Amino acid sequence: AGLYDLDGVIEKDDVSLNIANASAVYTDKNAGTGKAVNFTGLALSGNDAANYTFACTAIGTGNIAAKNITAGIAAGSTFDKTYDGTTAVTADAMTAGKYSLNDAIAKDAVSLDVTKLSGSYTDKNAADNKAVSFTGLALTGTDAQNYTLTTTELSGTGKITAKNITAGIAAGSTFDK
C-alpha cells in the first residue's frame, strides 16, 4: 500500500518492500509531468520474504517542476547612449553581459533572451544617472524549459550623452555690414 504495491503475495503472508537501500533516477533532467523514474536497490523483507522472488528494479512516474529563478542587472552595468530624441534604450546597450540569472544551475544552458527585451529611460533628455526600466524578459537556451522566470521587470541606470552637432554657413550666403 502507499506508494508501491507487491502483486502476487499470498494474503496473510508477512512480505513487504524494503526501500532502505533504494535509489531513484528520472530518465532525464528536464521539467515535466508523468516522467519515467527508474528505481534500483529494492528488496523484500518480512518472515515470508524467502518464499518469493523479486526483480529488484521498478519503473514509476514522477513530476519535475520547473525551477523558479530571477533576473537582475549585473553589478556595474549601465545603459548609455547618445541623445536621439527617444526614450528607447538602444540595442547595443542591451548586451547579454549586463544581466544575470540568479539560482540557475551553473552547467545548464539558460540565459536571458536580450532580443526580447524592451528598455526605456524615464525621459528623452540628456543627463547622467537616469532610471532605466526593462520589460519583455524571457529565457533562452536548451535548458530554458526547466526554469520559470519570476522577474517581470528590471531597473537600472544609464546616461544619455548630449549629441554633438555642427553649425555652418549655408552655401551662397552673403553678409552685409
Side-chain angles (χ1 to χ4, degrees), residues 3 22-41 58-176:
L3 295 175
S23 62
V25 178
Y26 284 96
T27 55
D28 65 49
K29 69 176 185 169
N30 298 317
T33 58
K35 300 181 71 62
V37 181
N38 294 314
F39 294 87
T40 59
I59 297 175
T61 60
N63 302 324
I64 300 176
K67 184 176 183 177
N68 289 335
I69 60 174
T70 60
I73 303 289
S77 293
T78 61
F79 302 90
D80 303 339
K81 74 172 186 174
T82 301
Y83 176 79
D84 64 3
T86 72
T87 61
V89 176
T90 57
D92 61 331
M94 295 191 294
T95 58
K98 294 190 175 191
Y99 308 96
S100 63
L101 289 179
N102 305 312
D103 301 319
I105 297 171
K107 65 182 180 177
D108 278 0
V110 60
S111 60
L112 197 61
D113 187 350
V114 295
T115 64
K116 304 253 168 102
L117 286 176
S118 175
S120 62
Y121 298 90
T122 53
D123 62 53
K124 67 177 186 165
N125 301 317
D128 292 341
N129 297 316
K130 298 184 73 70
V132 183
S133 62
F134 297 93
T135 57
L137 279 64
L139 297 173
T140 189
T142 56
D143 294 314
Q145 77 277 5
N146 296 322
Y147 295 94
T148 299
L149 189 59
T150 60
T151 311
T152 59
E153 188 173 306
L154 293 176
S155 298
T157 59
K159 174 182 177 181
I160 298 179
T161 305
K163 182 176 182 175
N164 289 326
I165 59 173
T166 57
I169 298 174
S173 297
T174 57
F175 298 90
D176 297 328

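Only heavy atoms go into these numbers, but all of them, side chains included; no hydrogens, no water, no symmetry mates. This is a predicted model, so every value here is computed, not measured.
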Inset, instruction - Using a strict 4.0 Å threshold on nitrogen-to-oxygen distance, state whether Lys130 and Asp123 make a salt bridge. - result: yes
Legend entry - Closest approach of Gly97 to Ser77 (non-hydrogen atoms, all atoms of both residues): O-OG, 4.3 Å
Inset, instruction - Decide whether Asn102 and Thr70 meet the rule of one side-chain donor and one side-chain acceptor closer than 3.5 Å. - result: yes
Inset, instruction - Enter the distance from Lys124:NZ to Asp84:CG here, rounded to the nearest 0.5 Å. - result: 10.0 Å
Legend entry - Sequence-distant partners of Val114, side chain to side chain contact (heavy atoms under 4.5 Å, CB included), two or more places apart: Ala96, Tyr99, Leu117
Legend entry - Approximate separation, where rounding is to 0.5 Å, of Asn63 CG and Thr33 OG1: 5.5 Å
Inset, instruction - Kindly compute the distance separating CG (Asn146) from CG (Asp108), expressed to the nearest 0.5 Å. - result: 6.5 Å
Legend entry - From CD1 (Ile59) to CG (Asn38), nearest 0.5 Å: 5.0 Å
Legend entry - Exercise: identify the closest heavy-atom pair between Ala144 and Val110: CA-CG2, 3.9 Å
Legend entry - Within-4.5 Å side-chain heavy-atom neighbours: Val37 and Thr61: no
Inset, instruction - Indicate whether any N or O donor in one side chain lies under 3.5 Å from an N or O acceptor in the other, for Lys116 and Thr135. - result: no
Legend entry - Atom of Ala31, atom of Ala65 and distance for their closest heavy-atom approach: CB-C, 4.1 Å
Legend entry - Closest non-hydrogen atom pair between Ala162 and Thr82, with its separation: O-CG2, 4.2 Å
Legend entry - Derivation of the ring pair (Phe, Tyr, Trp, His ring centres under 6.0 Å) call for Phe79 and Tyr121: CA-CA 9 Å; Phe79 302 90; Tyr121 298 90; 8.3 Å; no
Legend entry - Validation row: Val89, Phe134 side chains within 4.5 angstrom (heavy atoms): yes
Legend entry - Ile64 and Lys35, any side-chain heavy atoms less than 4.5 Å apart: yes
Inset, instruction - Report yes or no: does Thr150 contribute a side-chain atom to a donor-acceptor pair with the main-chain N or O of Ile69 at less than 3.5 Å? - result: yes
Legend entry - Residue pair Asp143 / Lys29, side-chain heavy-atom distance below 4.5 Å: yes
Inset, instruction - Evaluate the side-chain proximity of Tyr147 to Ile105: yes if any heavy-atom separation is below 4.5 Å, no if none is. - result: yes
Legend entry - Any side-chain heavy-atom pair of Lys67 and Asp103 under 4.5 Å: yes
Inset, instruction - Mark yes or no for whether Lys98, through its side chain, and Ala75, through its backbone, hold a donor-acceptor pair below 3.5 Å. - result: no
Legend entry - From OG1 (Thr157) to CG (Asp128), nearest 0.5 Å: 10.0 Å
Legend entry - Side chain proximity check, Leu149 to Leu101, heavy atoms < 4.5 angstrom: yes
Legend entry - Gap separating the CG atom of Asp80 from the OG1 atom of Thr90, nearest 0.5 angstrom: 9.0 Å
Inset, instruction - Start with the C-alpha distance between Leu154 and Leu112, add both sets of side-chain angles, then the distance that settles side-chain contact (heavy atoms from CB on, under 4.5 Å), and finish with yes or no. - result: CA-CA 12 Å; Leu154 293 176; Leu112 197 61; 4.3 Å; yes
Inset, instruction - Would you check, one step at a time, whether the test side-chain contact (heavy atoms from CB on, under 4.5 Å) holds for Lys159 with Thr78? - result: CA-CA 8 Å; Lys159 174 182 177 181; Thr78 61; over 6 Å; no
